[in-house]
Amino acid sequence: MSDTHSAAQEQSKRYTITAALPYTNGPIHIGHLAGVYVPADIYARYLRLKGHDVAFICGSDEHGVAISMRAKKEGVTPQEIIDKYHKLIKDSFEAFGISFDNYSRTSAKIHHETASDFFRTLYDKGEFIEEVTEQLYDEEAGQFLADRFVTGTCPRCSHDEAYGDQCENCGSSLNATDLINPKSTITGSKPVLKETRHWFLPLDRYEAFLRKWILEGHKDDWKPNVYGQVKSWVDEGLKPRAVTRDLDWGIPVPVEGAEGKVLYVWFDAPIGYISSTKEWAKRKGIDWEPYWKDKNTKLVHFIGKDNIVFHCIIFPSMLNVHGDYVLPDNVPANEFLNLEGNKLSTSKNWAVWLHEYLEEFPEKQDVLRYTLTANAPETKDNDFTWKDFQARNNNELVAIFGNFVNRVVVLTNKYYNGIVPEPGAFTEIDETVLKDLRAFPAALESSLERYRFREASQVLMNVARLGNKYLADEEPWKVIKSDPERVTTIMYTALQIASALAVLSEPLLPFTSAKLRAMLAQEGEESISWNEIATKESLLPSGKQINQASLLFSKVEDKEVEKQLEKLENTKKMNEAANKTAEPQKETATFEDFTKMDLRVGTILEAEKMPKANKLLVLKVDTGIDTRTIVSGIAQSFKPEDIIGKKVTVLVNLAPRKLRGVMSEGMILMTENAEGKLVFVNPDEEGINNGTMIS
RNA sequence: GGCGAGGUAGCUCAGUUGGUUAGAGCGUCGGAUUCAUAACCCGGAGGCCACGGGUUCAAAUCCCGUCCUCGCUACCA
């Protein structure tokens, strides 16, 4: 082997690359891909090409209350839910070319053991705090109820199907114990309060460690959005965080007297990276430990911004107190991707689903990879539009990349029957072009090492641009008529660019790279390595027979874009229709129930913002009976000055309640328009006096 | 309310140890060309660098304030 090869070997490092474990309650969409899996895959592929030792690790995250609840709702077992999505996700990743070295699942035995051992180690070290609290318990089902397993009347807006953690009507976040008339969604029975013991990870004790490690140690090499978010958390003060739950779906807490309790999904999920690595190592017959415990291993977590706290604070703290483990070298979290101007939403079906894309755009994996990379939400939220998808494909992949390759291969076949010609003397222009070409690997490395994938996609495109410009300047199709000798050098040089392109495109466009290698007859033994591009005399040697041209990319027609937009329009319509469907009628109220409520016409006399609160207005209302203070959560829909003098409907005999220190005596009746803006329910006739009864 | 990130050309984004006419790609307009999927190549137009103050010989870049977007957090009908 050459000297360059051994030099590369010497620099070779060990990398453990993780991509966020997808939660198995839905398929993968473009937001996941753009934020996590595409950049992680590009990075992993690049490192392999550089000759590094890479473990690219992922798997399905299959525990947690959301799956348990969904199973109950659909009347199936949690196992059926996770099997369905695990398969769908795993298969679509594979078809999309995400090159995981191992894709495991947290329901695997090896993971249960690993997570269990991990917990036990911290437990034995006395790292946890134990605390007994009162939680809602369903006696009929014989189990504690997670917040989302409880519904009841919202104490704020009286919506009577509020969840234990949040009221979807008024948006307030709640404690399950706050709900009026709580009801178990499992049996419908009324839950009781019961004591339960849980284990907490005392994050507050790790503040000094986190400050030193991240705030001092990674000030300059972590992305501003990640660093800033971590700083924000640490500065606000960390609190102990429960790492166990009362639930029957998950990894049993491996401690005496913890029956019916499982590890909190956020405790076990990141450990899934470790168990997936173990699974992989076992299959390969190698030792997994260096990938997590050797100080020279570089651990990198690819995640979306919603996961920053877990990957930068909780998991590193766990690894640190456990001992033995290396800490992440970087966590290049991305922001979010929007779709046609709106947030991606699994529940609203506002997404481009990977498995659907693969069916609707066969053989176009690289087009989506490229679009998502070129437009990745690296520094701020970004918007995916189908028009942009079409433009990136037609104007860049087809027009620049595909076209260059096609020109070179067609001309080579036309002039030399597909045999790489022997070059003559190189001109200054040839030399410059070849020199520029050899600079590209370093340029790409610089972008990729800094996790600037968007930039890398443009650098890659510049390789094809270099080729196109070279052909346009040298005009072999003209020169062939006057000086055919010269054309051999031109075509040889252009073919070197195509050959480099085949290798350099591998991380971003793996399918295209493979096709191009095949076209240039540079597969397997014949292929050149990334590190050789800058140094090897000839990338595609004279005399080599290449194959016929075939198109690397095809145009995306307007029709296809329209079809996708139509699909989204339909989703919108369905959502609107779903919203229009009125909620079912509540249970019968007797006349007496109704007459209990004293509703009056009132007038807002004064209104001002509650200091230090976002949603609250403090109102003085003339109810006819008296002038009283009502605190109302309408500040996001109205300016105080705009509602003074407004006639409103007031529930005057609602039990008074103190809100942020101000006693609120009553409630203003509100409803909501299609955009979610609040609207007063008020008498629209003039001349109705304050205090008039509503019946 | 507090904190974090962002606000630069029609679009997507670079650019901050402060320093000549603020850059790239796409789009647009014009030119050239025909080997190539009407693609490539060359050139032009297009920016009060969110807004208002300040520091400075000099500000997209530093300081103060305001506004907008996204997120976290608090509070919360």
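Just so you know, these numbers come straight off a predicted model, no measurement behind them. So that the names make sense, note that chain A is the first sequence line, chain B the second, and so on, each numbered from 1.
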Over all atoms of both residues, closest heavy-atom pair of A:Trp350 and A:Leu568:
CZ3-O, 3.4 Å
Does a salt bridge link A:Arg486 with A:Glu474, judged by any charged N lying under 4.0 Å from a carboxylate O?
yes
As a test of reading the structure: which of B:G71, B:A39, B:U34 is closest to the side chain of A:Ala399, going by heavy atoms?
B:A39
For A:Val398, report the nucleic acid contact type (base, sugar-phosphate, nothing); a contact means any heavy atom under 4.0 Å.
base
May I ask you to say what A:Pro224 touches in the nucleic acid, namely base, sugar-phosphate or nothing, with a heavy-atom cut-off under 4.0 Å?
sugar-phosphate
Please confirm whether the shortest side-chain N or O distance from A:Arg454 to OP1 or OP2 of B:A14 is below 4.0 Å.
yes
First of A:Leu397 and A:Gln458 reached from the 5' end of RNA chain B, by closest nucleotide
A:Gln458
Inter-nucleotide P distance (B:G1, B:U20), Å rounded:
39 Å
Between A:Asp381 and A:Lys343, is there a salt bridge with N-O shorter than 4.0 Å?
no
With a non-hydrogen cut-off below 4.0 angstrom, is A:Leu651 in contact with a base, only sugar-phosphate, or nothing?
nothing
5' precedence on RNA chain B between A:Asp381 and A:Tyr415 (nearest-nucleotide basis)
A:Tyr415
With P as the reference atom in both, quote the distance from B:A22 to B:A50 in angstrom, rounded to an integer.
15 Å
Sugar-phosphate only, base, or nothing, as touched by A:Lys387 at under 4.0 Å among non-hydrogen atoms
nothing
Taking the P atom in each of B:U73 and B:C64, what is the distance between them to the nearest angstrom?
27 Å
Is it true that A:Gln390 and A:Asp558 share a donor-acceptor pair across their side chains at a distance under 3.5 Å?
yes
Taking a pair as Watson-Crick or G-U wobble with both distances under 3.5 Å, which nucleotide is matched to B:C49?
none
Write down the distance between CD (A:Glu378) and P (B:G25), rounded to a whole number of angstrom.
19 Å
Could you check whether A:Asn403 gets within reach of a base, just the sugar-phosphate, or nothing at all, counting any heavy atom under 4.0 Å?
base
A:Lys343 side-chain proximity, nearest of B:G71, B:A39, B:C72
B:G71
State plainly whether the residues A:Arg628 and A:Glu665 are in salt-bridge range, i.e. N to O under 4.0 Å.
no
Less than 6.0 Å separating the ring centroids of A:Phe361 and A:Trp386?
yes
If we call it a pair only when both distances are under 3.5 Å in a Watson-Crick or G-U wobble match, what pairs with B:C57?
B:G19
With a 4.0 Å cut-off on heavy atoms, is A:Glu236 in touch with a base, just the backbone sugar-phosphate, or nothing at all?
base
Mate of B:G6 where both pairing distances stay under 3.5 Å, Watson-Crick or G-U:
B:C68
Side-chain N or O of A:Asn395 versus OP1/OP2 of B:G27: is the shortest distance under 4.0 Å?
yes
Rounded distance (Å) that lies between atom P of B:G25 and atom CZ of A:Phe401:
18 Å
Paired nucleotide for B:A39 [Watson-Crick or G-U wobble; both distances under 3.5 Å]
none
Rounded interatomic separation in angstrom, taking CD from A:Glu396 and P from B:A39:
14 Å
Would you mind reading off the distance between A:Tyr370 atom OH and B:C26 atom C1', rounded to a whole angstrom?
10 Å
Check this one for me: any side-chain N or O of A:Arg392 less than 4.0 Å away from OP1 or OP2 of B:C11?
no
What nucleic acid atoms does A:Phe553 come within less than 4.0 Å of, heavy atoms only: base, sugar-phosphate, or nothing?
base
Between B:G47 and B:C3, how far is it from one P atom to the other, in whole Å?
36 Å
Which nucleotide in the list B:U34, B:U37, B:C40 gets nearest to the side chain of A:Lys478?
B:U34
How far does the C1' atom of B:A38 sit from the matching atom of B:G31, given to the nearest Å?
16 Å
How would you label the contact of A:Lys231 with the nucleic acid (heavy atoms, under 4.0 Å): base, sugar-phosphate, or nothing?
nothing
Are A:Phe310 and A:Trp266 an aromatic pair by the rule of ring centers under 6.0 Å?
yes
Measuring only the P atom in each nucleotide, how far is B:C68 from B:A59? A whole number of Å is fine.
28 Å
Decide if the gap between the ring center of A:Phe389 and the ring center of A:Tyr370 is smaller than 6.0 angstrom.
no
Under a 3.5 Å limit for both distances, which nucleotide forms a Watson-Crick or G-U wobble pair with B:G25, could you say?
B:C11
Would you indicate which nucleotide in B:U8, B:G15, B:A36 comes nearest to any side-chain atom of A:Arg452?
B:G15
Considering only heavy side-chain atoms of A:Leu411, the closest of B:A36, B:C41, B:C35 is B:C35
Could you tell me how far apart A:Asp473 (CG) and B:C40 (C1') are, to the nearest whole angstrom?
11 Å
Would you classify A:Lys223 as touching base, sugar-phosphate or nothing, given that sugar-phosphate means primed atoms plus P, OP1 and OP2, and contacts are heavy atoms under 4.0 Å?
nothing
Mind calculating the distance between CD1 (A:Ile490) and P (B:A36) to the nearest angstrom?
16 Å
Residue A:Trp477, side-chain heavy atoms: nucleotide from B:U34, B:A14, B:C40 that is nearest
B:U34
Over all strands shown, is A:Lys469 touching base, sugar-phosphate only, or nothing at heavy-atom distances under 4.0 angstrom?
sugar-phosphate
Any side-chain donor near an acceptor of the partner, A:Thr512 and A:Asp366, under 3.5 Å
yes
Quickly work out the A:Asn225 CG to B:C13 C1' distance and round it to whole Å.
15 Å
Integer angstrom distance from the P of B:U21 to that of B:U34
41 Å
To the nearest Å, how far apart are A:Asp388 CG and B:C26 C1'?
8 Å
For the side chain of A:Ile400, starting at C-beta, report the closest nucleotide among B:C40, B:G6, B:C35.
B:C40
Among B:C35, B:C41, B:U37, which nucleotide has an atom closest to any side-chain atom of A:Lys555?
B:U37
Return no unless some side-chain N or O of A:Arg465 is found under 4.0 Å from OP1 or OP2 of B:C26.
yes
If the C1' atom of B:U33 is compared with that of B:C41, how far apart are they to the nearest Å?
8 Å
Quick check on B:A14: is either OP1 or OP2 less than 4.0 Å from any side-chain nitrogen or oxygen of A:Thr379?
yes
